[in-house]
Number of protein chains: 2
Amino acid sequence: MCAKKVTIREVAKRAGVSIATVSQILNGKAMNFNPLTVQKVQAARDELGYKADHLARQMVGKQSKTIGILVPEITNSFFSTLVKGIEEELLRSGYISMLCNGGFNGAKEEKALLELAKRGVDGFIIASPSISDEVLKEVLQIKKRPVIVLDQKTFSERSDEVTTDDFNGGLLAARYLKKMGHTKVAVIVPDLATVNIMYRLQGFLVEFPQALQIKTELSKSGGQAVVAELLEQNIEAVFALSDELAFGIYLGMRQKNKSIPNDLSVIGYDDVEMCRYVTPALTTVAQPIYELGKQAADLMIKRLASPNSPYVKRVLPVKLVIRSSVEVKI
Amino acid sequence: MCAKKVTIREVAKRAGVSIATVSQILNGKAMNFNPLTVQKVQAARDELGYKADHLARQMVGKQSKTIGILVPEITNSFFSTLVKGIEEELLRSGYISMLCNGGFNGAKEEKALLELAKRGVDGFIIASPSISDEVLKEVLQIKKRPVIVLDQKTFSERSDEVTTDDFNGGLLAARYLKKMGHTKVAVIVPDLATVNIMYRLQGFLVEFPQALQIKTELSKSGGQAVVAELLEQNIEAVFALSDELAFGIYLGMRQKNKSIPNDLSVIGYDDVEMCRYVTPALTTVAQPIYELGKQAADLMIKRLASPNSPYVKRVLPVKLVIRSSVEVKI
DNA sequence: TTGAAAGCGCTAACAT
DNA sequence: ATGTTAGCGCTTTCAA
């Protein structure tokens, strides 16, 4: 009812002890105190509904229990489910997420990171291909706060890391295409290449070293733009390095009155939710995106708990999900 | 380079003035000071690269420049673009977003809101159908922090509000269907009905009072589940109260080997990005989702600037986007 | 076993 | 025009 904030002082007064005692007892050091005192303090706290003020606490150097998250584009299904995974795992441990959207824009990302740092986040989870190492280092150095780099880019040797098995993903896609009897294949390569995407490509090229490589933007419209060339070159099957790209190809094909998979087989990457709903349903390499987020959060929580343990790298498995966008030619 | 935090004291020393002077000058009260002093202080700040500590500032009762955002499901395209709009507008004014995902779960939402409150957010932007009024009020009362309720639910008369013209949206959909010659129509109604969705329905029913109403969950799988009944009842055209629902219907239809729009016309709501990429491209009522987010953020910023101005309600226009999922029968 | 007191970095009222 | 000082709510030595 009454909106007054109850402070530690009131609890102390009510319990008839000093504020120091209250602080101690309420912070896990109860064992050093007379059980009776403990009792009184806890009772007082409960009666008054006392909750320690987060901000005051941070000021004295405690954790903020807040993690900064930076993604390039929350609107992208991949990142939104990633964020969901992170956010849920974090909240479970009492951490909260501060989200920033970098928009693939270096300057904005830097600003966002700085703002996050100002608010005293305990750590950063960063998934952004365009963030530069220098910015990262700069932000990092302001205070010794842990960073977890996700998927998009390797960050030297100074952080934990979670990735998926990109190389294998590429391989899986290629093998499937080969098995289905395709030989004249292409792969769409983003102009803004990141480490993990390159691994996918490498995996793919193991089976199809001669594959036609077409560069474009890693987005729906990027995919759409590439259809003309695909058709000109008489490509049978194309490996899109992301589902987004594949969806763009779908649209491009429809606009040219061509059909998938008759006129062109396409295989995507990510296994975003919409893959099932698109026509024909998109065959794709599934990354455990939600799990990726959870793992990242988990790593962060562990790191915060023991800041000096050696850096960890986790790699999550991928798998092929066969649906209807690849023609069976044999 | 050096990770030490530079405090106001060092700036003061360097400039040869007191910390109070520094604080004043750096907080817009420079006009009361000797230009020379101002000069010195600013120089000192720049040389040292001083940035006021956010937390210390908050402690003395300043704003945190942080807004708490609660959405039910960030994974949903509608909410992710909403969040993007909010986040971008906020960041532009130096505010940062703390995002929580409610997951349509009252308890989790409450927890999230409480965590946000603990971190001293200046205000809340809440878009969640399942949040109860009591929880909202409770959180609100802890401190007098403004709330903006978005879309999903009206929150008594104690907050600003942004919505879109839902009634008109429903009307638009109905009129189009009628104009295209459809008479045997259905509308999918979510079992968890929110105010704005009800308006859509009402608008639709103006033109089709006798429309078949089918209840289901407001999600892709909800849409999928409803296809059987649609077919049984020989419905010609269906109004899905959200694009998600429509996508579900697409899948359901494909599974039954039926085609859209030949066997069933469908019209969606929201105009999520995927509408263009789905086959056939989905005709839908477009809400300016991104704009909705921006407006909400804008409202919040204004409210924070003048806490006592009268509450505002903005309603944004919607429009019909005609694509290929409705059959032209005339 | 408990309490007094010194900050954390900043702002704002009050002196000078 | 500028400096002094008292907090904000909490944690943490250090003494008692």
Side-chain angles (χ1 to χ4, degrees), chain A residues 3-42 44-45 48-66 117-120 122 142-145, chain B residues 3-45 48-66 117-120 122 142-144:
Chain A
K4 306 221 128 227
K5 174 180 297 179
V6 20
T7 80
I8 197 174
R9 237 169 292 272
E10 310 179 39
V11 179
K13 184 182 295 174
R14 174 132 188 167
V17 298
S18 79
I19 62 167
T21 303
V22 175
S23 176
Q24 299 275 55
I25 290 180
L26 262 32
N27 284 4
K29 269 106 188 168
M31 62 285 281
N32 307 327
F33 288 82
N34 185 321
L36 209 78
T37 315
V38 173
Q39 195 90 27
K40 279 192 301 185
V41 168
Q42 286 171 342
R45 180 217 23 213
L48 266 41
Y50 167 78
K51 296 263 184 258
D53 182 301
H54 231 76
L55 301 162
R57 225 166 177 168
Q58 273 181 261
M59 276 236 26
V60 240
K62 276 294 204 222
Q63 298 186 343
S64 65
K65 288 279 188 178
T66 304
K118 282 210 292 195
R119 292 183 221 216
D122 292 337
I142 293 182
K143 238 182 172 182
K144 266 273 206 116
R145 277 174 285 204
Chain B
K4 305 220 128 233
K5 174 179 296 180
V6 21
T7 80
I8 198 174
R9 238 169 290 272
E10 311 178 39
V11 179
K13 186 182 297 176
R14 175 130 186 168
V17 298
S18 79
I19 62 165
T21 304
V22 175
S23 175
Q24 298 275 55
I25 289 181
L26 263 31
N27 283 4
K29 269 106 188 167
M31 62 285 281
N32 307 327
F33 289 82
N34 186 321
L36 209 79
T37 315
V38 172
Q39 195 91 25
K40 280 192 299 185
V41 169
Q42 285 170 344
R45 179 216 25 210
L48 267 40
Y50 167 77
K51 298 262 186 257
D53 182 301
H54 230 77
L55 301 162
R57 231 171 174 163
Q58 274 182 260
M59 277 239 22
V60 267
K62 276 294 203 220
Q63 297 185 342
S64 65
K65 288 275 187 181
T66 305
K118 282 211 291 196
R119 286 173 234 222
D122 292 336
I142 294 182
K143 239 184 170 180
K144 264 274 203 117

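So that the names make sense, note that chain A is the first sequence line, chain B the second, and so on, each numbered from 1.
Residue A/I19 holds its CD1 atom at 11.0 Å from CD of A/Q24, rounded to the nearest 0.5 Å. Considering NZ of A/K13 and OG of A/S18, their distance stands at 13.5 Å, rounded to 0.5 Å.
The list of salt bridge (Lys or Arg N to Asp or Glu O under 4.0 Å) pairs with a residue in residues 14-38 of chain B, not counting sequence neighbours, reads B/R14-B/E47. For residues 31-44 of chain B, no residue pair satisfies the side chain to side chain donor-acceptor pair (under 3.5 Å) rule, not counting sequence neighbours.
Put simply, NZ on A/K13 is 14 Å from P on D/dC10, counting in whole angstrom units. Computed from coordinates, the A/H54 NE2 to D/dT11 C1' distance equals 15 Å when rounded to whole Å. Look at CD1 on B/I8: it is 15 Å from C1' on D/dC8, rounded to the nearest Å. With rounding to whole Å, A/Q63 atom CD is found 18 Å from D/dC10 atom P. At whole-Å resolution of the value, CD in A/E10 and P in D/dG9 are 9 Å apart. The separation between B/L55 atom CG and D/dC10 atom P is 15 Å, rounded to whole Å. Atom CE of B/M31 is separated from atom P of D/dA1 by 12 Å (rounded to the nearest Å). For the pair B/K118 NZ and D/dG9 P, the computed distance is 17 Å after rounding to whole Å.
By the side-chain contact (heavy atoms from CB on, under 4.5 Å) test, A/A30 pairs with A/I25, A/V38, sequence neighbours left out. Partners of A/K118 under the salt bridge (Lys or Arg N to Asp or Glu O under 4.0 Å) rule, at least two apart in sequence or in another chain, are A/E115. Scored by the side-chain contact (heavy atoms from CB on, under 4.5 Å) test, B/L26 finds B/V22, B/V41, B/R45, B/Y50 as partners (sequence neighbours excluded).
Residues from residues 16-27 of chain A placing a heavy atom under 4.0 Å of any atom in DNA chain D, listed by number, are A/I19, A/A20, A/S23, A/Q24, A/N27. Of the residues in residues 34-45 of chain B, those with a non-hydrogen atom less than 4.0 angstrom from any atom of DNA chain D are B/N34, B/T37.
Counted by atom type alone, B/R119 and B/T66 present zero donor-acceptor pairs between their side chains at under 3.5 Å.
A distance-only check finds a donor-acceptor pair linking the side chain of B/E10 to the backbone of B/T7 [under 3.5 Å].
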Taking only distance into account, with no hydrogens and no angle test, what donor-acceptor pairs under 3.5 Å do side-chain atoms of residues 52-59 of chain A form with protein atoms, sequence neighbours excluded?
unit_1	atom_1	unit_2	atom_2	d
A/D53	OD1	A/L55	N	2.6
A/D53	OD1	A/A56	N	2.9
A/D53	OD2	A/K5	NZ	3.2
A/H54	NE2	A/S64	O	3.2
A/R57	NH2	A/N27	OD1	3.2

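The heavy-atom pair separating A/G49 from A/V6 by the smallest distance is O-CG1, 4.0 Å.
Here the range on DNA chain C touched by chain B, meaning any atom under 4.0 Å from one of its heavy atoms, is C/dG9 to C/dA12.
Bending across the helix from C/dT1-D/dA16 to C/dT16-D/dA1, expressed as the angle between its end axes from five pairs apiece, amounts to 50° (10° rounding).
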